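Please read all numbers here as calculations on a predicted model, not as lab measurements. Side chains included, hydrogens not; waters and symmetry mates left out as well; all remaining heavy atoms used. A, B, ... follow the sequence lines: proteins, then strands. Residue 1 opens every chain.
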Amino acid sequence: MFISKSDYLLYKQCPKAIWYKFKTPKVFDKNANQMRLDKGNQVTEHARNLFPNGSLVPYSSNRDKMASTTKDLIMKGERTIYEAAFGIDGLFVICDILHLDKDGWKIYEVKSSTSIKERNLDDLAFQYHVVQHFLPIHSTLIIHINNKYVRNGELEVTKLFSITDLTDELKERIFRIQADVSNIHSIGYNFSTEPKQDIGIHCNKYGKEDFPCAAKEHCWSHIPEHSVFDITRIGKKAFDLYYDGITSISDVPNDFKLSEAQKVQVFAYKENRSLIDLNNIKEYLDCFRYPLYFLDFETYQQTIPLFNGISPYQQIPFQYSLHIQESSNGDLEHKEFLAKEGTDPRRVLAERLTKDIPKGSCSVAFNMAFEKMVLKGLAHNFPDLEDHLMDIHDNMVDLMVPFQKKWYYKNEMKGSYSIKYVLPALLPNDESLNYQTLTIQNGSMAMEIYEQLHTYPKEKIETIREHLLAYCKLDTYAMVKVFDHLNSSVQKKSS
DNA sequence: GAAAAGCCGACCGCGAACCT
DNA sequence: AGGTTCGCGGTCGGCTTTTC
């Protein structure tokens, strides 16, 4: 039995999680996110340029082979080794970059993230623990993305990455590894006995980072559909209820302290009815001035910036959809834009947008903070269009507010005010609003696929572009329908 | 009358929610 | 992964009340 770095990290998250992995390895394979892995590899390859002309240990499922290749390279006097592999006492690690300089051997771990996380420290401690059996290690360091870098001409790897020496922070952790490892072994050697471990905040978190556990479906199977964990912004307090034996929202005691939004949600569920505050909704909708421009941007991010003036992970708008409604029962007009794949879309998009939305128009977005951010970014990039873009920015209203403020709440929303929950709750039987039939069903799918689009064959590109257009168009169409629904609710009341 | 105890609102930092 | 917004929860200053 071999314990890898990821096994160790999983154990640190929760001993029951590693037990579940040993028991059902397939579930964990299935959950591996290939997209994320590819991105990580791409970043690692760029980071190798910080220490050029090293030797690569080719990946092999045979761990001993990788370890012996590594050993040969060290014996031959190689000073820079990529994917250096070591195994001892049932532990196995691969170091992204192992480098010998005037101080001694250094272990570099490459991360595509922009900051150092708690789990990275455990990761490096584990590597140090194993590798020190073979080489005297001078220091252990993290290489991660510096998102303050702005590309200007050729890519400058020394500016793209930040290097942090973590040697001192690891000492405490290295002490604990031996004990952790023997625990992992005993779990692995008799996985017929399930570790006693109740659910807790560790299920969602590892240190400060979001890290949903793959064992959740197993450990959380006794939690009902509308549970105390679904109460909006409840945080740790849900576990106070849970440890008192309360799991369903219907059992929340009446004297339990809740915020206003939480009260609405709990009351609606207990009474099994919707809560609609038409006065506030009407007052809010009065700010919407026809013609209405329903706007939705799609953006994507490049970990390694490909265009000038772009930072790592910067939101780059590449597409928008626009539904224009002339009056309350007027016709709908649709406009759209989708940039050519593989090019910097910003200028063309900004120009088209300023043609499609005249100055002084009232535009509508769902969670307008996002659309406003994109507009601000474009205005900053193109001073000649700044006036017009900021005019759109300043005349925008937000369709999300009535749901965020819980003026309109249905149990189907499960405490959420995202469009994903709001739309089916308001218009459950409208087939024209069914995202399930689309190939691209949400923003993350759109950003992932557009980033790769220029690498696809020509025929495939056309098809995917059609899917992208269909998805974005449905987003703004859904907004129109939600607005109409709110509007007619208000009309019905006043008539 | 002075020190200790109690109380409340302002402030701030952090996390959660939303969009992509 | 990013930015923005909002609200929870903890801290702290300043005020009032209690106690000897």
Side-chain angles (χ1 to χ4, degrees), chain A residues 33 35-36 38-40 42-43 111-117 144-150 160 201 204-212 229-238 240 257-265 294-305 310-321 338-339 345-346 349 364-378 380 393 396 398-406 413-423 440-451 468 471-472 475-476 478-479 482:
Chain A
N33 183 337
M35 215 66 183
R36 229 183 211 180
D38 290 347
K39 225 167 215 181
Q42 181 205 353
V43 171
K111 288 284 160 222
S112 54
S113 58
T114 56
S115 60
I116 296 163
K117 311 279 162 60
H144 65 90
I145 296 283
N146 164 27
N147 62 357
K148 299 285 177 288
Y149 167 66
V150 183
L160 172 64
I201 44 169
N204 297 315
K205 285 186 154 195
Y206 181 87
K208 281 189 171 182
E209 184 197 19
D210 287 328
F211 204 74
F229 297 101
D230 295 323
I231 298 175
T232 182
R233 286 178 189 271
I234 186 140
K236 282 183 258 178
K237 281 202 294 184
D240 296 345
K257 207 182 160 214
L258 295 167
S259 71
E260 286 308 306
Q262 291 168 341
K263 277 181 199 161
V264 169
Q265 185 185 354
F294 293 86
L295 174 67
D296 182 54
F297 287 124
E298 304 301 318
T299 65
Y300 80 116
Q301 294 162 300
Q302 301 168 342
T303 311
I304 312 290
I310 299 258
S311 293
Y313 295 115
Q314 185 184 324
Q315 301 276 7
I316 306 166
F318 64 89
Q319 178 180 13
Y320 67 80
S321 169
L338 173 56
R346 292 172 297 168
L349 183 142
V364 188
F366 199 95
N367 187 19
M368 68 179 177
F370 181 78
E371 268 67 26
K372 282 192 167 184
M373 179 187 70
V374 170
L375 286 165
K376 244 187 186 166
L378 292 171
H380 176 77
H393 173 281
M396 191 171 268
D398 197 338
L399 193 54
M400 189 175 78
V401 171
F403 308 100
Q404 185 179 24
K405 305 250 190 217
K406 298 267 184 290
M413 296 179 189
K414 286 191 171 179
S416 164
Y417 47 90
S418 81
I419 190 75
K420 189 181 146 208
Y421 283 89
V422 165
L423 187 62
I440 294 167
Q441 298 179 355
N442 56 54
S444 341
M445 282 175 85
M447 71 193 283
E448 274 177 18
I449 215 155
Y450 182 80
E451 190 188 355
L468 280 166
Y471 160 68
C472 195
D475 261 358
T476 48
M479 279 162 57
V482 167

Quiz item: Starting at CD1 of Ile145(A) and ending at P of dG2(C), how long is that distance when rounded to a whole Å?
Solution: 10 Å
Quiz prompt | Short side-chain N/O contact to dG2(C) OP1/OP2 from Thr299(A), under 4.0 Å | solution = no
Quiz prompt | Nucleotide dG7(C), atom P - distance to CD1 of Ile234(A) in whole Å | solution = 16 Å
Quiz item: Is Tyr300(A) touching bases, backbone alone, or none of the nucleic acid, heavy atoms closer than 4.0 Å?
Solution: nothing
Quiz item: How would you label the contact of Thr303(A) with the nucleic acid (heavy atoms, under 4.0 Å): base, sugar-phosphate, or nothing?
Solution: nothing
Practice problem: Take atom NZ of Lys372(A) as the centre, draw a 6.0 Å sphere, and report whether it contains more than 12 heavy atoms from other residues, nucleotides or ligands. | Solution: yes
Practice problem: Using whole Å, report how far CZ of Phe294(A) lies from C1' of dC19(B). | Solution: 17 Å
Quiz item: Quick one: bend of the helix from dG1(B)-dC20(C) to dT20(B)-dA1(C) from 5 pairs per end, to 10°?
Solution: 30°
Self-check item: Residue met sooner reading DNA chain C from 5', once Ser115(A) and Gln404(A) are mapped to nucleotides
Solution: Ser115(A)
Practice problem: Measure the distance from NZ on Lys236(A) to P on dG10(C) and round it to the nearest whole Å. | Solution: 7 Å
Quiz item: Does Thr114(A) put a side-chain nitrogen or oxygen below 4.0 Å from OP1 or OP2 of dG2(C)?
Solution: yes
Quiz prompt | Proximity to the side chain of Phe366(A) - top-ranked nucleotide from dA1(C), dC6(C), dC19(B) | solution = dC19(B)
Self-check item: Arg233(A) or Met447(A), whichever maps to the more 5' nucleotide of DNA chain C
Solution: Met447(A)
Quiz item: Mind checking what makes side chain to side chain contact (heavy atoms under 4.5 Å, CB included) contact with Lys376(A), not counting sequence neighbours?
Solution: Met390(A), His393(A)
Self-check item: Distance below 4.0 Å between Ser416(A) side-chain N/O and dC18(B) OP1 or OP2
Solution: yes
Quiz item: Centroid-to-centroid, Phe297(A) to Phe370(A), below 6.0 Å?
Solution: no
Practice problem: For Tyr313(A), report the nucleic acid contact type (base, sugar-phosphate, nothing); a contact means any heavy atom under 4.0 Å. | Solution: sugar-phosphate
Self-check item: Distance test, side-chain N/O of Lys117(A) to OP1/OP2 of dA1(C), below 4.0 Å
Solution: yes
Quiz item: Is a donor-acceptor pair below 3.5 Å formed from side chain Gln315(A) to base dG2(C), judging by atom type as modelled?
Solution: yes
Quiz item: Given atom CD of Glu371(A) and atom C1' of dT20(B), what is their separation to the nearest angstrom?
Solution: 8 Å
Practice problem: Mind calculating the distance between CG (Leu468(A)) and C1' (dT20(B)) to the nearest angstrom? | Solution: 13 Å
Practice problem: Under the ring pair (Phe, Tyr, Trp, His ring centres under 6.0 Å) rule, collect the residues that match up with Tyr149(A), sequence neighbours excluded. | Solution: none
Self-check item: Residues forming a ring pair (Phe, Tyr, Trp, His ring centres under 6.0 Å) with Phe294(A), sequence neighbours excluded
Solution: Phe483(A)
Exercise. May I ask you to decide if Cys472(A)'s main-chain N or O and Tyr320(A)'s side chain share a donor-acceptor pair within less than 3.5 Å?
Key: no
Exercise. Go through dG9(C), dC19(B), dG7(C) for me and flag the one nearest to the Lys237(A) side chain.
Key: dG9(C)
Quiz item: Going by heavy atoms in the side chains, are Ser416(A) and Lys414(A) under 4.5 Å from each other?
Solution: no
Exercise. Using a cut-off of strictly less than 4.0 Å, decide whether Asn367(A) has a side-chain nitrogen or oxygen near OP1 or OP2 of dT4(C).
Key: no
Self-check item: Asp398(A) side chain to Asn367(A) backbone, donor-acceptor under 3.5 Å
Solution: yes
Quiz item: Between atom CD in Gln262(A) and atom C1' in dA16(B), what is the gap in whole Å?
Solution: 12 Å
Practice problem: Kindly point out which of dT5(C), dC19(B), dT20(B) is positioned nearest to the side chain of Ala369(A)? | Solution: dT5(C)
Quiz item: From dC19(B), dT20(B), dA17(B), pick the nucleotide closest to the side chain of Asp475(A)?
Solution: dT20(B)
Quiz item: Could you write nucleotides 6-13 of chain B as a row of B, S and -, 5' to 3', where a protein heavy atom under 4.0 Å of any base atom gives B, of only sugar-phosphate atoms gives S, and otherwise -?
Solution: --------
Quiz item: Which heavy atom of Glu371(A) sits nearest a heavy atom of Asp296(A), and at what distance?
Solution: OE2-OD1, 3.5 Å
Quiz item: So what does Asp398(A) touch, heavy atoms closer than 4.0 Å: a base, only the sugar-phosphate, or nothing?
Solution: nothing
Exercise. Would you kindly say whether Tyr300(A) and Glu298(A) are connected by a side-chain donor-acceptor distance under 3.5 Å?
Key: no
Exercise. Round to the nearest Å and state the distance from Met396(A) atom CE to dC18(B) atom P.
Key: 20 Å
Quiz prompt | side chain to side chain contact (heavy atoms under 4.5 Å, CB included) partners of Thr232(A), counting only residues at least two apart | solution = Ala261(A), Gln262(A), Gln265(A), Lys406(A)
Quiz item: Between dT20(B), dC8(C), dC18(B), which one does the side chain of Ser259(A) approach most closely?
Solution: dC8(C)
Self-check item: Under 4.0 angstrom between Tyr421(A) side-chain N/O and dA17(B) OP1 or OP2
Solution: no
Quiz item: Asn442(A) near the nucleic acid: base, sugar-phosphate alone, or nothing, with a heavy-atom cut-off under 4.0 Å?
Solution: nothing
